[in-house]
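To start, the structure itself, in structure tokens.
Values below: all heavy atoms of this structure, side chains included; hydrogens, waters and symmetry mates excluded. Order of the sequence lines fixes the chain letters, A, B, ..., with proteins taken first and strands second; residue numbering starts at 1 for each chain.
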Amino acid sequence: MAALNLPIDLSVSLGPLALTNPVLTASGTFGYAAEFAHLVPLARLGGVVVKGISLAPRPGNPPPRIVETPCGMLNAIGLENVGADRFIAEKMPFLRTCCCRVIVNILGDSIEEYAVLAERLTGVAGIDALEVNISCPNVKKGGVAFGTVPEMAATVTQAVKAATNLPVIVKLSPNVTDIVAMARAVETAGADAISLINTLIGMAIDARTRRPWLANVIGGLSGPAIKPVALRMVWQVASAVKIPVIGIGGIATTEDAVEFLLAGATAIQVGTANFFNPAATGQIVDGIEAYLRHQGESAVRDIVGSLRLGA
Amino acid sequence: MAALNLPIDLSVSLGPLALTNPVLTASGTFGYAAEFAHLVPLARLGGVVVKGISLAPRPGNPPPRIVETPCGMLNAIGLENVGADRFIAEKMPFLRTCCCRVIVNILGDSIEEYAVLAERLTGVAGIDALEVNISCPNVKKGGVAFGTVPEMAATVTQAVKAATNLPVIVKLSPNVTDIVAMARAVETAGADAISLINTLIGMAIDARTRRPWLANVIGGLSGPAIKPVALRMVWQVASAVKIPVIGIGGIATTEDAVEFLLAGATAIQVGTANFFNPAATGQIVDGIEAYLRHQGESAVRDIVGSLRLGA
Amino acid sequence: MPEYQENSIIDTIDRLAENFYRLSLRAPLIASAARPGQFVMVSCAPFLDPLLRRPFSIHRCNGSDTLQLLIRVVGRGTELLARCRPGQSLSLIGPLGRGFNPPPPASSVCLVGGGIGIAPLLFWAERLKTPRRCTVLLGSRTGKELTQLAAEFSQLGCRVETATDDGSLGHRGLVTDLLAAHLPTAAKTYACGPMPMMAAVAQTCRDAKVACEVSLEAHMACGLGACLGCTVHGDGGRYLHVCKNGPVVNAEEVAWQR
Amino acid sequence: MPEYQENSIIDTIDRLAENFYRLSLRAPLIASAARPGQFVMVSCAPFLDPLLRRPFSIHRCNGSDTLQLLIRVVGRGTELLARCRPGQSLSLIGPLGRGFNPPPPASSVCLVGGGIGIAPLLFWAERLKTPRRCTVLLGSRTGKELTQLAAEFSQLGCRVETATDDGSLGHRGLVTDLLAAHLPTAAKTYACGPMPMMAAVAQTCRDAKVACEVSLEAHMACGLGACLGCTVHGDGGRYLHVCKNGPVVNAEEVAWQR
Ligand SMILES: Cc1cc2nc3c(=O)[nH]c(=O)nc-3n(C[C@H](O)[C@H](O)[C@H](O)COP(=O)(O)OP(=O)(O)OC[C@H]3O[C@@H](n4cnc5c(N)ncnc54)[C@H](O)[C@@H]3O)c2cc1C
Ligand SMILES: Cc1cc2nc3c(=O)[nH]c(=O)nc-3n(C[C@H](O)[C@H](O)[C@H](O)COP(=O)(O)OP(=O)(O)OC[C@H]3O[C@@H](n4cnc5c(N)ncnc54)[C@H](O)[C@@H]3O)c2cc1C
Ligand SMILES: Cc1cc2nc3c(=O)[nH]c(=O)nc-3n(C[C@H](O)[C@H](O)[C@H](O)COP(=O)(O)O)c2cc1C
Ligand SMILES: Cc1cc2nc3c(=O)[nH]c(=O)nc-3n(C[C@H](O)[C@H](O)[C@H](O)COP(=O)(O)O)c2cc1C
Ligand code: FES
Ligand code: FES
């Protein structure tokens, strides 16, 4: 064990985007940050990724929209959001006061919508980066097609890159045969970083009523249940691409976060855990610091990808 | 609620293979049945699917081979098995006494191995069907390639069908973008039934030692954690093919089993649950009977695919 | 309105009837801030299954350090709560959501509670105990679940009437059957219970032109307005989010037909 | 050999030292069938997390209705077990695996236990108490974990020596330091503890040409020989499955080098 007063450097860089520490919140699980203002020291976070924004407001799916599953949950929110204009007018003022990075998750029905949206958000004070959701499985016409075909993912990436000078993070769907092919496609298309994973497509049925639990029938599976799949994909992708990777999927504790860093993630996002433990993100920032101290490391970037293989 | 003494018909047919009830054990989780002889009334089961058999014996992977995950486990057994000859000589004698259907799970490194193995097992007294594992993610040269490319899955299916007159069940891997395309391919190639899902590919890391938990680094995720993914895939496949579907993935209780039946599975397999509750299979047979009585149904086949959609 | 994530300590657990428990919890931060109609999200298990917190109305609150929950055991989370022991700690988040809005000064009010929906009404009745007439109509399957609660409302000076499915206490039938008779004198009605009951209360109040607030239920993941999961059909085709727009809403805001 | 899935009832839970608990369980089916060195798979949680059962040696057994487990709290499952209360039920599967094999009649034996590895040795010492010399060498971090256990072995007529890392009881150092002195008179050694300890015992016995059995550990999913997960490197490059080939194996069968 190392000296107790070792100075610890938690800062990391996602390409052009510098973070004070690697802990972010996952889109759709932290609202627009104001919802957690009393429960989390927001300024202590590396950043927040806000709920996915589309060009126009979307009402979302009819209820029921969520259901609990073993160590996880399914959601079919249907990308309900206030749209770009109200987001900028109503949500950005608070987000500018958070003192942490603000990453806007964007989604669209078409390449054009992504591009127009990216342009619209560029230059808005307080927005530090865009995360492109090409993978949401909830909306029939939504990102699902983009996120499962490498060429389409590349096209969206290019369109967004051309429309903005903000750092562009592309968020991958895990519902594919070859996650590395997807990652390589968006890397080649110019993505500054890759985040993964979005939710796995799942379903739940109420045996008593013989109906699906979700009005949308299928939904996105998230939470600790998916952590092993996420960790595997992050490891595969981080081993295959040169741009930084953000690990997402079932992270609830410091150990979980560290596992993703060891597997090669430069930063991590906490999603579903915000629901059952709103304090999780702050605890993980502190926990990573303690872990590094305990391991005799002085900088979080030194453990990124430091998984020990072989005997 | 229906009359309490309603006679209940639990029998189902997997194409040419008739079962007294829809409850089977999943390959690799029930040994060769003898391991559970004291704990389960074997004759009460619809059938057992034995641990995957290859032509020659396989030693399997080095330890550690298993690790617990949230509501699930990862395994990288590496398809350890005694090989076809010892299986027939040492394991079949007990299996013949079980009084339930015996389905042999087979695996190979090549199309030829599958075919030779299928031929070798054909005509062996007591074997009622073959389940073709084209999806095991644990062995580098193993089924993984077959199970992720529709054409290759079809080729294996044809080869096995040509080599045997036993009913042939093809077991699909969930680690694909389009599970329906896989199912259609093996249906067209002549499969008598489809079973799904095999394990999701996952990984676990020990933050303290900074090493993967499994010597094989990656492994197969099973247990309740994967149930929502399995249920979704079974629903998608059962809606798309005409041959019977066997639902597998995280089934631990009667409700779980019923959910798969409602989603369109004609039979189900219990896997990981055998480890934490060896009595599960017997309890589920009884439970399905009670469920049907409670729902006023008289035959299990009447609820297969009877999921109620729409308002 | 501040919200807290607080480790409460269980003082007592009382079994009021079969599957009906009352938990007293020491949670000074939440108890000081709580208002009637608000709820808390309770962590039921030490590990990851069941994963999500469960929402429970604040049933009573002394305004400084202690609050009570009234819990009906219906599934895994509530079963675990019923098995807790005094001295154990229970993580809460709260107080959450919008509570009841005050009636006109010195007016008469009517509280209608069905089953476990009675829970938030006791806290409200305690706070309402100004010089006003407060009628409480309580319904449940059977009388056992009501006796103690009815007595407690009476002690607060409320006029209590009961209805039970099995006729074992008060009117045999629906609690809504009792409502119409009281509306001529009531300025406002507050209802909490199953959706069909609240729909009937809303309709009756609408017909009688009496203001009506209801406390809604929906499955919740966060309770904080973040997950957008707790949707209910609202008027004009829009969606209400129970945890933020409610749980207490004006009955007119709900699309009861859907 | 029959195996049972049995709902045992907890009679008592005693805390022997920090993180060291002894559970007495009523489980007549398993208790009647159990032999020293065998183990049970215990379900630690009512729900799905933690998912798998945990293996524990049978620490003591009255041969008819009661058995005891000695549990060191190291993680989530053992933490839940330590929090159980008398009267609660605990699902067990057992008795499982191969136990200790008897020494030559009337010969002297040596039992070596390190830490929680002491657990199965008490049951074995009870059964061995025929007119024979039985030396018990116990090691642990600190004396507190050993005092009561050492006394119990003494009561059985065993000669007990102890070793602790901190020197608070007996020899300061490794329990294996004590072994060599006893081997000239011992016909057989039985060891259970951490792998490095057992490796040292195996080597010492080999050098002294004394027979040696060890009780292995591995992560287990089923305990029944079905999952093939509990592998340990055996001699000649083959794999041992701890739950079926063991947990007790001849020390020569293990590839200690790996
Ligand atoms: C604002 C609000 C206040 C409530 N106040 C109380 C109260 O004071 N006392 C009380 O006993 N109950 C109350 N409920 C209902 C209570 O939350 C559910 O009974 C409880 O969540 C069931 O959990 P379970 O694990 O026992 O049941 P399970 O059926 O096993 O739960 C499975 C899932 O369904 C959800 N769920 C099940 N029933 C309900 C329900 N009726 N409402 C919301 N989610 C549900 C659970 O949260 C969980 O995600 C309230 C609900 C809401 C929304
Ligand atoms: C045959 C056998 C007999 C045992 N007898 C005893 C005994 O009498 N008393 C006692 O206290 N312990 C005994 N152990 C060790 C005990 O099983 C573990 O300490 C326990 O499983 C840890 O569970 P946990 O949830 O507290 O720890 P966690 O670390 O949270 O467990 C995580 C996972 O690791 C596994 N695991 C962790 N440590 C071990 C270990 N050392 N051996 C096997 N699996 C492990 C668990 O089963 C679980 O799957 C025995 C192990 C074996 C194989
Ligand atoms: C309720 C909910 C809403 C979500 N909304 C979005 C979204 O709008 N955009 C997006 O890219 N991902 C969305 N996600 C996916 C999460 O950001 C995250 O990728 C996923 O939940 C896996 O992480 P977790 O297991 O930590 O939750 C949502 C997840 C949940 C649970
Ligand atoms: C330890 C273990 C070994 C397995 N071995 C095999 C196998 O040999 N062949 C096969 O087709 N599937 C194998 N499987 C997969 C299971 O049959 C099943 O498809 C999977 O575990 C999902 O079901 P479950 O969640 O109920 O366990 C194995 C699973 C486990 C956990
Ligand atoms: S419960 Fe999450 S928004 Fe209401
Ligand atoms: S624990 Fe399953 S085979 Fe040994």
Side-chain angles (χ1 to χ4, degrees), chain B residues 25-40 50-52 57-82 213-215 219 222-225 227 250 252-253 256 271-280 282-283, chain D residues 1-7 29-30 33 40-55 74-77 91-97 195 216-234 236-245 254-255 258:
Chain B
T25 64
S27 177
T29 67
F30 208 69
Y32 302 103
E35 292 84 347
F36 287 79
H38 293 290
L39 301 167
V40 176
V50 301
K51 172 72 189 158
R58 295 194 187 208
N61 286 330
R65 290 178 171 187
I66 54 170
V67 58
E68 193 181 49
T69 67
C71 290
M73 64 177 281
L74 287 167
N75 87 78
I77 306 302
L79 299 175
E80 172 180 345
N81 79 92
V82 296
W213 271 110
L214 300 175
S222 66
K227 194 184 81 169
T253 65
D256 297 334
T272 301
N274 293 311
F275 301 156
F276 59 85
N277 178 20
Q283 290 168 350
Chain D
M1 293 170 302
E3 289 141 3
Y4 306 97
Q5 181 167 352
E6 185 171 24
N7 277 321
L29 295 172
I30 296 174
V40 290
M41 293 292 285
V42 182
S43 173
C44 302
F47 295 130
L48 297 172
D49 181 60
L51 185 71
L52 300 174
R53 288 168 182 260
R54 305 299 195 234
V74 298
R76 306 180 327 140
S91 170
L92 309 180
I93 298 171
L96 299 172
M195 280 301 262
L216 298 172
E217 272 198 22
H219 287 212
M220 293 184 175
C222 70
L224 300 167
C227 74
L228 306 181
C230 59
T231 328
V232 162
H233 288 286
R238 76 197 174 101
Y239 291 130
L240 296 172
H241 293 113
V242 173
C243 75
K244 272 289 161 181
N245 306 124
V254 181
R258 303 276 320 217

Quick one: closest heavy-atom pair of [X] and [Y], and the distance?
X	Y	value
F276(B)	L52(D)	CB-CA, 4.5 Å
F36(B)	A226(D)	CE1-CB, 3.5 Å
P62(B)	H233(D)	CB-CE1, 4.2 Å
L228(D)	I77(B)	O-CD1, 3.5 Å
C222(D)	F275(B)	CB-CD2, 3.5 Å
A279(B)	Q5(D)	N-OE1, 3.0 Å

How many angstroms lie between atom [atom1] of [X] and atom [atom2] of [Y], to the nearest 0.5 angstrom?
X	Y	atom1	atom2	answer
L224(D)	N274(B)	CG	CG	9.5 Å
I66(B)	H219(D)	CD1	NE2	8.0 Å
M73(B)	C227(D)	CE	SG	5.5 Å
H38(B)	L29(D)	NE2	CG	13.0 Å
S43(D)	N277(B)	OG	CG	8.5 Å
L48(D)	T272(B)	CG	OG1	11.5 Å

(Q) Please check this pair: side chain of E68(B) against backbone of L51(D), looking for a donor-acceptor N/O pair closer than 3.5 Å. (A)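 Yes.
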Q: Measure distances from P64(B) to the heavy atoms of chain D and classify the residue's part below 4.5 Å as side chain, backbone, both or neither.
A: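 For P64(B), there is no contact with chain D at all, as no heavy atom is under 4.5 Å.
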(Q) Quick check on Y32(B) against chain D: is it the side chain, the backbone, both or neither that has a heavy atom closer than 4.5 Å? (A)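 Interface part for Y32(B): neither.
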Q. Taking every heavy-atom pair that is under 4.5 Å apart, which of P224(B), G60(B), G31(B), C71(B) has the most such pairs with chain D?
A.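 Most heavy-atom pairs within the cutoff with chain D belong to C71(B).
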With a 4.5 angstrom heavy-atom cut-off, is it the side chain or the backbone of [X] that approaches chain B, or both, or neither?
X	result
I93(D)	side chain
M220(D)	backbone
Y4(D)	backbone

